[in-house]
Amino acid sequence: MPAQRNRDLPPTWTPAEVEGALYEQWVAAGYFTAEAPSDRPSYSIVIPPPNVTGSLHVGHAFEHSLIDALIRRRRMQGYNTLWLPGMDHASIAVHALVEKQLKAEGTTRRELGREAFVDRVWQWKAEYGGQILDQMRRLGDSVDWTRERFTMDEGLSRAVRTQFKQLYDDGLIYRAERLVNWSPVLRSGLSDAEVDHKEVEGELISMRYGDGDTSIVVATTRVETMLGDTAVAVHPDDERYRHLVGTQITLPLTGRTIPIIADEHVDPEFGTGAVKVTPAHDPNDFEIGQRHGLPMPTIMDEQGRIANTGTEFDGMDRFEARAAVREALRAQDRIVAEKRPYLHSVGHSERSGEPIEPRLSLQWFVKVGPLAKMAGDAVRSGEVAISPPEMAKRYFDWVDNLHDWCISRQLWWGHRIPVWYGPDGEMVCLGPDEQPPAGWRQDEDVLDTWFSSGLWPFSTMGWPERTADLATFYPTSVLVTGYDILFFWVIRMMMFGLYAMDGVPPFHTIVLHGMVRDGNGKKMSKSAGNSVDPQEWLDRYGADALRFTLLRGANPGADVPISEEWVDGSRRFGTKLWNATRFALSNGATVDSPVPDDLTDADHWILDRTDQLVSEVDTAFDEFEYARLAEALYHFTWDEFCDWYVELAKVQLAEGGARADATRAVLGRVLETVLRLLHPLMPFVTERLWTTLTGQKTLVIAPWAAVSGRPADPAATERIEAVRKLVTEIRRFRSDQGLPPGRKVPAELTGADLAGHEAAVRALTRLDEPADGFAPTAALDVALPAGPVTVRLDISGVIDVAAERKRLAKDLAAAEKELAQCEAKLGNPNFVGKAPADVVAKITGRRDAARVEIDRITAQLAALPAS
RNA sequence: GGGCGCAUAGCUCAGCGGAAGAGCACCGGCCUUACAAGCCGGGGGUCGUAGGUUCGAACCCUACUGCGCCCACCA
């Protein structure tokens with residue numbers, strides 16, 4: 001006796017019901033837990049959580065869907081998998097908690113003061129670590145979170161310090177003065193990402209330095225910086241200034257003299273061809289200053305006030321000073337020209353809004369040369385593949401031109417730089433288990449978030465300890481992430497992985513997906529009001545529908561547009577599956593017994609197509625072609641299985657006996673296979689349907705679908721294609737003649753042998769057997785490979801001659817166009833001579849078919865009564 | 001300024017050397033017992049422009065035009 005099973009499905013369903021119950025079940029069963037290694041090769045993915053429901057925004061949902069699909073397929077293939085949450089979630093959670101805490105205390109960072117605030121942040125990190133973990137869990141993952149695996153915990157801290165010290169000891173970390181983006185309001189440096197460039201209307205002031213023969217005119221949008229000038233630069237080939245190079249000139253207002261130097265950087269075409277050089281307050285000037293060994297006086301304090309110039313401007317705010325300096329120069333008659341407004345782009349602090357000020361300060365750097373070379377070579381050698389391959393070009397552009405990486409940040413949170421300073425200016429870098437001498441102070445800067453992110457593939461596995469996880473899951477197989485993050489994250493992981501893990505790269509394949517766009521292909525942004533909270537769609541359409549939509553749009557490397565109606569379309573697909581399964585169940589579809597040998601053409605055809613589908617899906621998965629596999633599954637399920645096989649199966653089921661039993665077996669087999677193939681893309685609804693259909697416990701760890709090994713039967717497929725063509729032509733005729741699809745019409749089919757498919761054709765086109773007194777009033781011819789078939793129908797009245805003439809005229813035009821095209825090709829001796837023989841044969845065949853078709857239609861038109 | 005990419009049906013996108021495709025939208029007809037969250041039928045594109053290569057180009061090459069992204073810069 002087969003196990004008792006409940007083979008009923010409710011006639012209607014809602015995604016929420018199906019998904020809610022299953023999610024709990026899966027969690028309880030441990031399917032979302034990192035699994036122990038087995039004897040199979042391990043497979044791991046370093047990336048955020050797997051279920052769409054926890055996604056912060058639709059971009060996350062997209063990424064999660066891609067990853068989860070890969071993982072589910074691998075699991076069905078018998079591999080153990082591990083996935084890990086991403087860094088971005090951790091930092092988002094910390095931001096949120098810190099802000100919340102501040103608000104609760106009714107204070108702000110500024111009020112608290114920097115020193116006190118930094119202390120508190122570190123304290124909170126310890127205190128709220130658990131809370132952050134909870135929040136991570138709520139973000140949708142039920143990975144077995146442990147403190148050792150969390151960003152802000154001691155484990156990662158150990159990893160960061162170990163890596164820093166190793167790099168430091170190898171001479172790959174150094175400290176140097178550089179310009180940073182300084183926010184006078186926040187009194188902090190900002191990363192480039194925190195700077196918004198905005199077009200503003202400023203002024204361009206041209207002014208004269210020096211006097212008489214040795215005077216030179218320079219221009220600037222920030223006049224006040226002239227107080228910090230230490231040179232004027234011209235292009236070395238510029239004849240106008242050649243005689244001045246190497247001479248000194250007086251810097252107005254300060255009384256200092258500064259040299260005139262020659263530097264390639266200067267564009268002789270721009271302005272006067274002479275540039276003032278303020279090394280401490282402009283990135284280009286800084287580089288010129290470095291090249292020429294110029295002094296670099298800093299002339300502004302932390303709040304953007306002029307300082308240490310020894311002029312009357314000291315103490316003025318920079319904007320106040322801008323006007324004051326301008327007027328002072330005017331008083332000396334040194335202003336040569338003023339352009340106002342002068343439109344140019346100025347960096348602004350993203351958080352506080354004011355223009356940033358480049359400012360000189362001591363920063364920490366990673367010397368990337370040797371690291372970047374390893375990262376480039378790993379891809380060049382083929383050890384690491386990038387998908388789609390076109391993106392490799394972008395990768396090399398980055399990695400081959402990387403400048404030294406500034407890793408110190410003046411932020412409020414993050415991993416502090418593990419360097420301590422002694423009372424007499426000593427400096428020491430300490431590993432995780434080392435303690436600084438009493439009274440030494442730790443560097444207050446924190447590390448760039450990408451420093452710790454770059455450790456992710458191995459720090460999450462317990463590194464620097466040689467853990468079992470590390471041995472099993474490093475290197476990982478596939479990294480899935482957006483192309484926008486290739487530079488920031490992927491390259492860092494490559495460099496650090498190769499460096500820390502003895503030259504073993506952190507993953508074998510890098511899969512880059514696009515960005516999620518709105519339905520019109522526009523970038524989602526809060527200001528445009530087109531950004532999407534996935535939760536809303538999840539509530540309305542379900543996770544399956546959202547995932548399927550996202551995957552269906554995921555063409556390699558290209559962006560993914562998404563709109564609500566497409567998600568709705570995916571939900572309808574879920575409903576289609578639901579109803580198809582209900583049909584199969586109510587007709588007794590079987591999955592336990594093998595498919596019998598005695599099969600109809602329809603059975604052979606759908607089984608062959610199912611095998612093809614399995615191969616197609618496998619290939620698409622292996623090539624990360626999500627859109628292609630979603631499309632293949634959608635069309636097979638809807639257009640072939642539901643629209644044709646199920647309809648043909650109804651005829652076979654009606655026959656009863658062995659025929660019906662065979663049909664039940666085929667129905668069950670095909671549907672069961674499709675559900676397996678669809679599971680990675682629509683996990684919830686397929687789980688529900690598959691378990692009901694098969695009576696088995698879960699689809700999550702069921703074997704992945706494999707091709708049957710049954711020999712294909714192309715002749716059966718050809719006959720079914722003929723049936724489909726005949727049915728479509730009859731339906732078209734009926735539609736053109738205004739016959740309601742449901743109305744039964746007596747008809748007689750003559751001509752080519754229909755190989756036992758006449759009953760099916762009649763059922764699908766609602767044609768009755770001719771009864772006594774059958775008097776056909778209309779006829780149509782359909783050309784099939786086996787020969788023409790004539791259908792005579794009694795449509796109880798006069799046919800619509802005009803409609804029929806129109807229909808035939810259209811077919812005739814198509815056939816004539818086809819004939820003309822083929823004849824043109826075959827009449828071209830170059831084509832016949834140079835094209836491959838099989839192409840010529842194909843065209844010849846098409847020409848002959850077109851000729852037959854034209855004759856047939858012409859005869860039919862002639863036979864029509866005059867209208 | 002440097003680099004990369006995209007222009008195909010009303011919209012969003014596949015196809016990337018041998019007959020122009022999908023989803024949605026649109027038009028007409030149907031409640032045909034799995035499904036109206038559905039079924040059947042239909043209309044719609046000189047594949048951005050101009051040259052070139054080829055027997056043959058949406059597909060390869062060149063130029064142009066228009067969009068998008070990344071990086072850099074804006075004295």
Side-chain angles (χ1 to χ4, degrees), chain A residues 9 11-13 192 197 204-206 218-222 225 232-233 265-267 270-278 282-285 343-346 390-391 393-394 397-398 401 483-484 486-487 514-515 517-523 549 552-553 555 557-563 565-566 568-587 627-628 631 634-635 639 642-643 646-647 650 727-728 731-736 738-744 763-766 817-818 821-822 825 828-836 838-840 842-843 846:
Chain A
L9 277 182
T12 59
W13 72 297
D192 289 347
H197 287 271
L204 183 69
I205 306 292
S206 299
V218 295
T220 180
T221 54
R222 292 148 65 212
T225 61
V232 169
H265 165 78
V266 180
D267 176 5
F270 189 93
T272 59
V275 179
K276 63 191 275 301
V277 181
T278 323
D282 181 278
N284 275 320
D285 294 3
L343 205 63
H344 63 135
S345 144
V346 173
E390 303 90 79
M391 286 285 178
K393 229 181 303 173
R394 212 183 260 210
D397 277 351
W398 288 128
N401 300 304
Y483 62 70
D484 60 330
L486 180 65
F487 172 69
M515 307 292 104
R517 304 302 191 94
D518 73 6
N520 295 316
K522 294 276 180 301
K523 195 172 171 175
T549 308
R552 201 176 175 188
N555 287 116
D559 287 345
V560 185
I562 177 165
S563 83
E565 47 195 38
W566 302 341
D568 190 47
S570 299
R571 192 203 45 175
R572 289 167 197 225
F573 180 54
T575 302
K576 192 71 179 170
L577 276 176
W578 186 273
N579 283 315
T581 308
R582 280 211 306 137
F583 171 83
L585 288 170
S586 66
N587 284 283
R628 212 174 76 207
E631 207 64 21
Y634 181 93
H635 280 117
D639 299 344
C642 290
D643 285 355
V646 164
E647 295 306 320
K650 288 174 182 171
V727 167
T728 300
R731 284 171 173 169
R732 188 154 84 100
F733 176 85
R734 289 184 57 129
S735 181
D736 288 344
L739 293 168
R743 180 150 128 219
K744 301 264 189 186
L764 267 53
T765 54
R766 306 261 151 189
K817 188 180 166 199
E818 168 80 352
Q821 280 178 348
C822 294
K825 281 195 178 184
N828 180 349
N830 282 325
F831 173 74
V832 181
K834 294 191 181 177
D838 59 321
V839 174
V840 176
K842 205 164 121 189
I843 299 293
R846 276 168 49 192

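Values in this document were obtained by computation on a predicted structure and should not be read as measured data. Chain A is the first sequence line, chain B the second, and so forth, proteins listed ahead of strands; every chain is numbered from 1.
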With P as the reference atom in both, quote the distance from B:rC61 to B:rG44 in angstrom, rounded to an integer.
33 Å
With respect to the side chain of A:N555, which nucleotide from B:rC13, B:rA19, B:rG3 is positioned closest?
B:rC13
What are the two closest non-hydrogen atoms of A:K576 and A:C642, and how far apart are they?
CE-CB, 3.8 Å
In terms of heavy-atom contacts, A:A627 and A:N555 come closest through CB-ND2, 3.3 Å
For atom CD of A:E390 and atom P of B:rG3, their distance in whole Å
19 Å
Once you round it to whole Å, what is the distance between C1' of B:rG45 and NZ of A:K817?
11 Å
At their closest point, which heavy atom of A:T581 faces which heavy atom of A:L577, and how far apart are they?
OG1-O, 2.8 Å
What string of B, S and - do you get for nucleotides 22-32 of chain B, 5' to 3', if B is base contact, S is sugar-phosphate-only contact and - is no contact with any protein heavy atom under 4.0 Å?
SSS---BBS-B
Classify the ring geometry between A:Y634 and A:F573 as parallel (under 30°), tilted (30 to 60°) or perpendicular (over 60°).
tilted
Assign each of A:V832 and A:A580 to its nearest nucleotide of RNA chain B by heavy atoms, then name whichever residue's nucleotide is nearer the 5' end.
A:A580
Using whole Å, what does the distance between atom P of nucleotide B:rC67 and atom CG of A:D559 come to?
18 Å
Euclidean distance for C1', B:rC40 against B:rC35 (whole angstrom):
15 Å
For nucleotides B:rG18 and B:rG28, find the distance between their P atoms and express it as a whole number of Å.
38 Å
Is the shortest side-chain heavy-atom distance between A:W566 and A:P561 below 4.5 Å?
yes
Interatomic distance where CZ belongs to A:R582 and C1' belongs to B:rU33 [whole Å]
11 Å
Pairwise C1' distance, B:rC70 and B:rA36 [rounded to whole Å]
48 Å
Hits for salt bridge (Lys or Arg N to Asp or Glu O under 4.0 Å) against A:R394, two or more places apart or cross-chain, chain-then-number order -> none
With respect to the side chain of A:K825, which nucleotide from B:rC13, B:rA34, B:rG18 is positioned closest?
B:rG18
Consider the side chain of A:E818, meaning its heavy atoms from C-beta on, and name the nucleotide among B:rA19, B:rG18, B:rG38 that approaches it most closely.
B:rA19
With rounding to whole Å, what would you report as the distance between B:rU32 and B:rG45 at their P atoms?
35 Å
Both distances under 3.5 Å, Watson-Crick or G-U wobble: on that basis, could you give the dot-bracket string for RNA chain B, with [ ] for crossing pairs and | for other-strand partners?
((((((((.[[[[.)..(..]]]].(((((.......))))).....[[[[[..)....]]]]])))))))....
Whole-Å gap separating P (B:rA36) and CG (A:D643)
14 Å
Rounded distance in Å between the P positions of B:rG48 and B:rA14:
14 Å
In terms of heavy-atom contacts, A:T225 and A:T278 come closest through O-CG2, 3.3 Å
What's the closest nucleotide to the side chain of A:K650 if the choices are B:rA19, B:rA34, B:rG41?
B:rA34
When you compare B:rU49 with B:rA34, how far apart are their P atoms, in angstrom units rounded to a whole number?
50 Å
Taking only the C1' atom of each, what is the distance from B:rA57 to B:rA50 in whole angstrom?
15 Å
Side-chain-base donor-acceptor pair under 3.5 Å for A:K393 and B:rC4:
no
